[in-house]
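A quick note: this is a predicted structure, and the numbers were derived from the prediction, not measured. Sequence lines set the chain letters: A, B, ... in the order given, protein chains first and strands last, and positions in each chain run from 1.
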Number of protein chains: 2
Amino acid sequence: MDPKPKIPRPTAKRLSRYFRELKQLVDAGRSTISSKQLGVALGLTGAQVRKDLTYFGQLGSPGVGYDVERLYLRLRQVLGRDRVWNAALVGAGNIGRALLAYDHFTVGEFHITAVFDSDERAIGVDHGGRVVQPMNRLSSFVAEHEIRIGIVAVPASAAQEVVDAMIEAGITGILNFTPRHLDVQDGVSISSVDFTLALEQLAFQVSLGLTGSLDDDPS
Amino acid sequence: MDPKPKIPRPTAKRLSRYFRELKQLVDAGRSTISSKQLGVALGLTGAQVRKDLTYFGQLGSPGVGYDVERLYLRLRQVLGRDRVWNAALVGAGNIGRALLAYDHFTVGEFHITAVFDSDERAIGVDHGGRVVQPMNRLSSFVAEHEIRIGIVAVPASAAQEVVDAMIEAGITGILNFTPRHLDVQDGVSISSVDFTLALEQLAFQVSLGLTGSLDDDPS
DNA sequence: TTTTGTGAAACGCTTCACAGCG
DNA sequence: CGCTGTGAAGCGTTTCACAAAA
């Protein structure tokens, strides 16, 4: 009930994983689950699960556990998965095209509504109904279609410039596929997908003979 | 000089970022850099940079900073970037093909040496000199070509099965592109690239009106 | 002076452990 | 009993702050 519950970062990062697991449980018709059981499925302790979930209210019943559907719906709301998210993609290269081909997401209300590119040769090409537009159309399109998410799939050297244009256009969330640290102003969120970084970290782990993942919470 | 310096996980995750920055500085002909300056470039404090770097020896000079080339070479060695890494890709779908087209990595000694797929229609197709092979060839190929890294770019439902086959074949590092938690035995490293998770976390951040990234260290 | 390397303090997250509820 | 919610303890990481080196 606090106005700003201040969710710890690690908790925020785990939320999507809870949500995925809950989705599966709902689909499987499971009615309740204990923090212990949820923890086992995700490689966490029961205490961790309980702490995380209490940030969103008293959701469980002592002696019983959590109502699967109730928890699912709460997380769906908290994560903003109960709305439609329209995204504008910039960059129609390999990664961009792979995203356009993918498109259908799990509980899917993420939509890549438009594609932009600065390369004239890419412009005009249709990708599943979305025709590649020139960059100078970005701003008006974002405004007209209430786009909130921008996906950056351009060469690293152009990334910051594209991000600046997106923010200028009114986008407040950026999904970054380039291996670059991007500066954003207050009020703009960033999430990065960097497979070269993942590969480099993997090589490091293999060099050291480590087990498991650098991201994982201790198993 | 300790036999096992026990590098903190957060430090390990930052190493590749230092390395990238150093690479750029080397290419730019820069001779020295201070921890403060390195920190600014990566969104870290100077103290953080110094703490991280001391895990690999006394590398800096008071009053001067760090010798760019020396630090670069040390990190290159620590990260295992002074060797060639051969990787086997399983899955010739959208993501797999994007990887095959990408291929050239920064200081590039990562090579996707072979591609495998279980779909007969994909087999035999050439991707930049690498012909897609059937899954039953994986084991012998890995053994013959000293492959240490396996890249999983198959549908989520097939992921664990593919991972098991890779480990069976002797692969010790797995780069996972599926949105699944994969179980691996001791001695096997995993690194995941999950853009649906990144997108979900982004939506959450936007919902909350947060600034910055969940991954970032505080700026 | 500038800047490193580093103990010590501060911080944040996880785990513990248990009161209380069903 | 089983299980949640939670204050408090424990632990790992970051930040501070300064002696020492260039």
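For A:Arg9 and C:dC11, the CZ to P distance is 16 Å, given to the nearest whole Å. Rounded to whole angstrom, the span from the NZ atom of A:Lys13 across to the P atom of C:dT14 amounts to 11 Å. Regarding B:Lys36, its NZ atom lies at a distance of 12 Å from the P atom of D:dC16, rounded to whole Å. Whole-Å rounding puts the B:Gln48 CD to C:dG5 C1' distance at 14 Å. The CG-P distance, from B:Leu53 to D:dT13, rounds to 16 Å in whole Å. Taking atom NZ of residue A:Lys6 and atom P of nucleotide C:dC13, one finds them 10 Å apart after rounding to whole Å. Here C:dG22 presents its C1' atom at 15 Å from OH of A:Tyr66, a figure rounded to the nearest Å. One can place CD of A:Gln37 at 14 Å from C1' of D:dT4, the figure rounded to the nearest angstrom.
Closest to the side chain of A:Pro10, out of D:dT6, D:dA20, C:dT14, is C:dT14. Distance from the side chain of B:Pro8 is smallest to D:dT13 among C:dC13, D:dT13, C:dT4. Of the candidate nucleotides C:dG5, D:dT6, D:dA17, D:dA17 has the atom nearest to the side chain of B:Ala47.
Where A:Thr11 and B:Arg50 meet DNA chain C, the nucleotide closest to each residue was compared, and B:Arg50 sits on the side nearer the 5' end. Of the two residues near DNA chain C, A:Lys51 and B:Ser34, the one whose nearest nucleotide lies more 5' is B:Ser34.
For the segment residues 201-208 of chain A, no residue has any heavy atom less than 4.0 angstrom from an atom of DNA chain C.
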Would you tabulate the side-chain donor-acceptor contacts of residues 93-100 of chain A under 3.5 Å, counting partners in other chains and residues two or more places apart, or write 'none'?
| unit_1 | atom_1 | unit_2 | atom_2 | d |
| --- | --- | --- | --- | --- |
| A:Asn94 | OD1 | A:Arg97 | NH2 | 3.2 |
| A:Arg97 | NH1 | A:Ala92 | O | 3.0 |

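Contact between the side-chain N/O atoms of A:Ser61 and the OP1/OP2 oxygens of D:dT4 is not found at any separation under 4.0 Å. Between C:dT6 and B:Gln58, a contact under 4.0 Å exists linking OP1 or OP2 to a side-chain N or O. Between B:Thr45 and D:dT15 there is a side-chain polar atom (N or O) within less than 4.0 angstrom of OP1 or OP2. The side chain of A:Thr54 places no N or O atom within less than 4.0 Å of a non-bridging phosphate oxygen (OP1 or OP2) of D:dG5.
The backbone N or O of A:Gly173 lies less than 3.5 Å from no partner atom in the side chain of A:Ser189, so there is not a single donor-acceptor pair. A donor-acceptor pair is defined here as one N or O able to donate and one able to accept, closer than 3.5 Å; such a pair exists between the side chain of A:Gln201 and the backbone of B:Lys13. In terms of modelled atom types and a separation under 3.5 Å, the side chain of A:Arg130 and the main chain of A:Ile112 share a donor-acceptor contact.
The distance from atom CG of A:Leu197 to atom CZ of B:Arg14, rounded to the nearest 0.5 Å, is 12.5 Å.
The two residues A:Ala12 and B:Phe204 have their closest heavy-atom pair at CB-CE2, 3.5 Å.
Axis angle across the helix from C:dT1-D:dA22 to C:dG22-D:dC1, with five pairs used at each end and values rounded to 10°: 10°.
Taking the six-membered ring for Trp and thresholds of 30 and 60 degrees, A:Phe19 and A:Tyr72 have nearly parallel ring planes, at less than 30 degrees apart.
Heavy-atom contacts from other residues, nucleotides or ligands closer than 6.0 Å to CG of A:Asp27 number more than 12. Counting heavy-atom neighbours within 6.0 Å of B:Gln37 CD, excluding the residue itself, gives a total above 12.
Considering B:Arg20, B:Arg17, B:Gln48 as possible partners of B:Leu42, the one that fulfils the side chain to side chain contact (heavy atoms under 4.5 Å, CB included) test is B:Arg17.
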